[in-house]
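Structure first, then comments.
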Amino acid sequence: MSTENEGTAVPAAPSAPPVPAAAPGPAASDSAGTNPAAPGHEPAPSAANPAPAPPVHNPTAQGTQPGHEAQPGYMPVPQPGTPPQPVPQAHPQGAGPGTGAGGAGWPPPPSSYPYGGGGSGDAGGPAWGAPVPPAPRKKRAGGLVAAVLAAALVAGGVGGGIGYWAAERNDDPTDSTTVSASGTTKDFKRDAGTVAAVAAKALPSVVTIEAQGGDGEGGTGTGFVYDKQGHIVTNNHVVASAADGGDLSVTFSNGKQYDAEVVGRAEGYDVAVLKLKSAPSGLAPLPLGNSDKVAVGDSTIAIGAPFGLSNTVTTGIISAKNRPVASGDGQNSKASYMSALQTDASINPGNSGGPLLDAGGAVIGINSAIQSAGTGGFGQSQAGSIGLGFAIPVNQAKTVAQQLIKTGEPVYPVIGATVSMDPKSDGGAVIADRGTGDTPAVPSDSPAGKAGLKAGDVITKLDDRVIDSGPTLISEIWTHKPGDQVTLTYERDGKTSTAEVTLGQREGDDS
């Protein structure tokens, strides 16, 4: 399955801005080719077959699209002494007609695996949601104000008309059926475990990230407080544009903003760790759950800044587990691979890097990609939620974050064999005839070579997990750690065999 990164263009102003919540919010593929089964041995895409755009990540909104503001005048307020015109009723039958891997050692993303989020990718495929560049603050604010005023005028027209009609036909004050609430909003308590209670507790620990590269590239994404030292966990694709010499800022839900710097990035896992340059005291890290214990049907809560709208909360369920996803930002040949948690909570560009919480408020995943229904190429269409979002399981993200904080470099488990990255291959991950640069596909001293695997073998299972392609194999390998022992089931000359493989390792994204 492929997905797009979340981020894409952030509209100048929403057609009808939401009413702010009580909590203060901050201002806001490759074609048939071969790639190694694990980092370090995966072949690079051939020049003749450029890698297709990977899934869209849900990072940030990129670009600015004109919004459609509500216009006053559709419901005029009746003048004194003149009965108002009745409000037109909806047609009984419904609405009327509508309107319509760059170098050796890195596997390129499969053609149908764009980064999941707001980017664009092949028709029906996800694409990474690169950070959405925020629109100019002044212009954006003006748009919001205009939209609010327009909405207020329309609402006033409706309210005025109805009030006049009622006054003319109900002169007897004793006929009122109005019922008053017994208490005020201030008296209403949200029970522990409700979405409102979970959101209220988590929002102060979720941040909106603005990344600005030296070349003008950038966008908006999400992250969350990882520890009291000021480390923030997010997606790599959210901060990649500002990783080398750019500017990074982090804004909390109370509106306070801090400068930040990149501690480490893992492109293959799509995880990055930032650190606040002047971390405030009293930081409250979000509790981490156990993604291995998550069950299909469990409730989920996503928090982020879709299209730049910070502190947005959406809900859903876990709709699937262990979903193989290869995603990319559509701008290079490198891809991220994950055995993802799938959710139908609304995830859009700008949600990337934000937490996916369980019903108790614990982080179970990092929102990273979405399946896109867009048909345009990258940058030509804005991906949006269609109910298929993908999150990096927190157990994997935690291991990666700890490694990045410790050394600044990611470590990847590998089997040391080059496999086909064609997502259309049937029946498993096929070990290629030759590796990158005409090297052996299975070096004799590699983990796979020591276990007896050979070129042409078709790997069909890793432990009890069915493998249907090269990307799926990598996704599953990367849920483990170097040194772990796994059982590979493979087919050779029509016969099925198994091999015990002790995973090796590769350090860094460039090796």
Side-chain angles (χ1 to χ4, degrees), residues 34-44 101-109 233 236 262-273 291-292 324-326 333-340 366 392-419 421 429 431-432 435-437 439-455 457 459 461-463 465 467 470-488 490 499-511:
T34 60
N35 277 5
H41 294 282
E42 299 168 347
W106 187 275
V233 171
N236 170 67
V262 175
V263 170
R265 301 188 295 136
E267 292 177 286
Y269 295 120
D270 194 26
V271 172
V273 175
S291 50
D292 290 340
V325 171
S333 60
K334 293 184 178 180
S336 293
Y337 298 87
M338 68 183 97
S339 183
I366 299 177
I392 303 166
V394 74
N395 288 11
Q396 179 182 26
K398 177 182 178 180
T399 298
V400 177
Q402 290 175 337
Q403 183 66 40
L404 293 177
I405 293 173
K406 182 178 179 181
T407 68
E409 293 288 335
V411 174
Y412 299 92
V414 300
I415 64 170
T418 300
V419 299
M421 296 303 290
I431 298 181
T436 304
T439 59
V442 186
S444 58
D445 60 347
S446 68
K450 293 177 180 178
L453 292 171
K454 298 180 180 180
D457 289 347
I459 299 172
K461 292 181 71 176
L462 188 154
D463 291 334
R465 195 65 47 78
I467 302 299
T472 300
L473 177 61
I474 293 176
S475 298
E476 289 304 322
I477 289 174
W478 286 4
T479 63
H480 293 77
K481 299 177 183 179
D484 285 353
Q485 188 174 70
V486 299
T487 300
L488 296 180
Y490 64 95
E500 299 298 319
V501 179
T502 300
L503 300 177
Q505 72 175 46
R506 188 201 77 190
E507 296 183 9
D509 284 312
D510 299 324
S511 57

Original post:
Is there side-chain contact between T479 and R465, with at least one heavy-atom pair below 4.5 Å?
Top reply: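 Sidechains of R465 and T479: no contact.
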Original post:
Taking side chain as C-beta onward, heavy atoms only, is S336 less than 4.5 Å from N236?
Top reply: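 Not touching, per the 4.5 Å side-chain cut-off.
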Supply the atom-to-atom distance [X] [atom1] to [Y] [atom2], rounded to the nearest 0.5 angstrom.
X: I415; Y: I431; atom1: CD1; atom2: CD1; result: 6.0 Å
X: Q403; Y: K398; atom1: CD; atom2: NZ; result: 14.5 Å
X: D270; Y: I392; atom1: CG; atom2: CD1; result: 5.0 Å
X: M421; Y: L473; atom1: CE; atom2: CG; result: 9.0 Å

Original post:
Which pair of non-hydrogen atoms, one from P413 and one from P482, has the smallest distance, and what is that distance?
Top reply: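 Heavy-atom minimum between the residues: CB-N, 3.9 Å.
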Subject >> For V411, the option from K406, Q505, R506, K481 that meets side chain to side chain contact (heavy atoms under 4.5 Å, CB included) >> reply: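 So, applying the side chain to side chain contact (heavy atoms under 4.5 Å, CB included) to V411 and each of K406, Q505, R506, K481, only Q505 qualifies.
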Subject >> Step-by-step side-chain contact (heavy atoms from CB on, under 4.5 Å) determination, E507 to T407 >> reply: CA-CA 10 Å; E507 296 183 9; T407 68; over 6 Å; no
**OP:** Would you sort out whether M338 and V325 count as a side-chain contact (heavy atoms from CB on, under 4.5 Å), showing the intermediate values?
**Re:** CA-CA 5 Å; M338 68 183 97; V325 171; 3.8 Å; yes
Original post:
With distance as the sole criterion, is a donor-acceptor pair present between the side chains of Y412 and D509 under 3.5 Å?
Top reply: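 Judged by distance alone, the side chains do pair up.
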Subject >> S339 side chain to E476 side chain, donor-acceptor N/O pair below 3.5 angstrom >> reply: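 Side-chain D/A pair, S339 to E476: present.
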Original post:
Distance-only, no hydrogens or angles: does the T502 side chain make a donor-acceptor pair with backbone N or O of Q485 under 3.5 Å?
Top reply: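 Pair absent, no side-chain N/O of T502 close to backbone of Q485.
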